[in-house]
Asker: 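This is the structure I have questions about; it appears just below.
Labels below follow one simple rule: chain letters A, B, ... track the order of the sequence lines, proteins then strands, and each chain is numbered from 1. Keep in mind that what you see is a predicted model, and the values were worked out from it rather than measured. Any value given below was found using the heavy atoms of this structure, including those in side chains, with hydrogens, waters and symmetry copies removed.
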Amino acid sequence: EDKVVQSPLSLVVHEGDTVTLNCSYEVTNFRSLLWYKQEKKAPTFLFMLTSSGIEKKSGRLSSILDKKELFSILNITATQTGDSAVYLCAPRPGYGNKLVFGAGTILRVKS
Amino acid sequence: EPEVTQTPSHQVTQMGQEVILRCVPISNHLYFYWYRQILGQKVEFLVSFYNNEISEKSEIFDDQFSVERPDGSNFTLKIRSTKLEDSAMYFCASSETPNEQFFGPGTRLTVL
């Protein structure tokens with residue numbers, strides 16, 4: 001059975017702090033891993049990772065994948081209150097097109 | 001920027017009634033999906049659709065559920081006889097390739 005575990009479950013930081021969110025996974029014939037940000041409603045796409053060791057970066061957010069150790073991390077530097085959200089990790093197994101979502105990490109950034 | 005749209009944003013129905021949730025995927029996308037999220041729980045895959053047929057479905061997607069692409073733009077999810085446990089947020093998603101899936105804002109379904 002496919003499994004995705006995200007940690008921590010929740011996190012409270014102050015503006016300007018750097019955070020690291022973790023995602024470990026066990027899925028059959030792994031193909032890719034996606035990160036999403038969920039504020040009030042829909043998950044918003046952040047990154048897709050397919051290769052180990054290659055960092056994806058977008059502004060203050062970056063992410064990397066380790067296919068050997070079966071995990072990914074999402075880093076956010078110089079956090080802002082607008083980063084407050086649930087961050088979802090979703091690997092894609094190789095036998096179909098579905099994404100398997102973790103429970104998410106709730107990030108709250110205090111001003 | 002193109003986005004996935006869904007209607008209605010909130011649907012309230014009585015148990016046993018049929019509901020149809022509507023989605024307009026991004027126009028050049030070929031892959032379509034439905035997911036749901038029960039309050040406080042994970043986002044769960046329901047079904048994927050490609051080339052006018054279901055390509056994959058989960059155990060949740062039983063005979064009470066069906067999907068259709070009735071025309072070139074809409075993608076619908078029908079629940080034939082709703083149960084209390086169908087209450088959830090239903091997300092439609094689409095993708096150009098089976099990779100980066102873009103989600104709509106969701107329809108909150110409340111079954112009374």
Side-chain angles (χ1 to χ4, degrees), chain A residues 1-7 9-10 21 23-51 54 56 58 61 63 65 67 72 74 85-106, chain B residues 1-10 21 23-26 29-51 53-61 67 88-109:
Chain A
E1 186 184 332
D2 299 321
K3 205 181 340 180
V4 183
V5 178
Q6 291 188 245
S7 63
L9 289 179
S10 67
L21 310 183
C23 173
S24 65
Y25 62 88
E26 288 177 39
V27 299
T28 308
N29 294 333
F30 171 88
R31 286 200 190 175
S32 59
L33 185 142
L34 283 71
W35 282 97
Y36 287 87
K37 177 182 182 182
Q38 186 175 29
E39 294 175 90
K40 296 209 169 141
K41 285 190 176 178
T44 306
F45 173 78
L46 294 174
F47 296 112
M48 184 181 77
L49 303 155
T50 54
S51 302
I54 298 174
K56 290 268 180 115
S58 175
L61 277 67
S63 184
L65 177 68
K67 285 164 75 172
S72 175
L74 175 69
V86 179
Y87 289 85
L88 301 170
C89 160
R92 182 177 157 230
Y95 51 83
N97 299 331
K98 73 177 186 186
L99 298 175
V100 179
F101 281 86
T105 292
I106 303 168
Chain B
E1 188 172 325
E3 54 186 26
V4 178
T5 60
Q6 290 185 242
T7 54
S9 57
H10 190 191
L21 311 183
C23 168
V24 178
I26 295 171
H29 286 187
L30 302 174
Y31 297 82
F32 314 115
Y33 315 84
W34 284 100
Y35 291 81
R36 78 172 186 190
Q37 187 174 32
I38 294 170
L39 191 63
Q41 296 187 24
K42 295 182 184 183
V43 176
E44 302 173 287
F45 169 77
L46 293 177
V47 66
S48 61
F49 192 87
Y50 171 72
N51 202 24
E53 60 183 26
I54 290 174
S55 48
E56 188 181 0
K57 59 183 180 179
S58 71
E59 290 174 358
I60 303 166
F61 194 88
V67 289
M89 182 73 93
Y90 287 79
F91 293 111
C92 173
S94 70
S95 62
E96 196 172 355
T97 66
N99 284 314
E100 301 170 11
Q101 297 179 21
F102 294 88
F103 284 72
T107 292
R108 178 162 298 287
L109 176 66

Asker: Check A:Gln38 against B:Gln37 and note the closest heavy-atom contact, atom names and distance.
Answerer: NE2-OE1, 2.9 Å
Asker: Does any heavy atom of chain A fall under 4.5 Å from the side chain of B:Gln101, the backbone, both, or neither of them?
Answerer: both
Asker: Is there a side-chain contact between B:Pro98 and A:Arg92, using heavy atoms and a 4.5 Å cut-off?
Answerer: yes
Asker: Measure distances from B:Tyr50 to the heavy atoms of chain A and classify the residue's part below 4.5 Å as side chain, backbone, both or neither.
Answerer: neither
Asker: Using non-hydrogen atoms and a 4.5 Å limit, figure out which bit of A:Val86 sits close to chain B: side chain, backbone, both or neither.
Answerer: neither
Asker: Does any part of the side chain of A:Tyr36, heavy atoms only, come nearer than 4.5 Å to the side chain of B:Val43, both counted from C-beta?
Answerer: no
Asker: Go through the atoms of B:Gln41 and report whether side chain, backbone, both or neither lie under 4.5 Å from a heavy atom of chain A.
Answerer: neither
Asker: For chain B, which candidate among A:Ala103, A:Pro43, A:Gly102, A:Ser32 shows the most heavy-atom pairs at distances under 4.5 Å?
Answerer: A:Pro43
Asker: Kindly say whether A:Met48 contributes a backbone atom to a donor-acceptor pair with the side chain of B:Glu100 at under 3.5 angstrom?
Answerer: no
Asker: Between B:Tyr33 and A:Leu99, is the side chain to side chain contact (heavy atoms under 4.5 Å, CB included) condition met? List the steps.
Answerer: CA-CA 10 Å; B:Tyr33 315 84; A:Leu99 298 175; over 6 Å; no
Asker: If you count heavy-atom pairs under 4.5 Å between each of B:Gly104, B:Gly106, B:Pro105 and chain A, which one has the most?
Answerer: B:Pro105
Asker: For B:Lys57, look at atom NZ and say whether over 12 heavy atoms of other residues, nucleotides or ligands are found less than 6.0 Å away.
Answerer: no
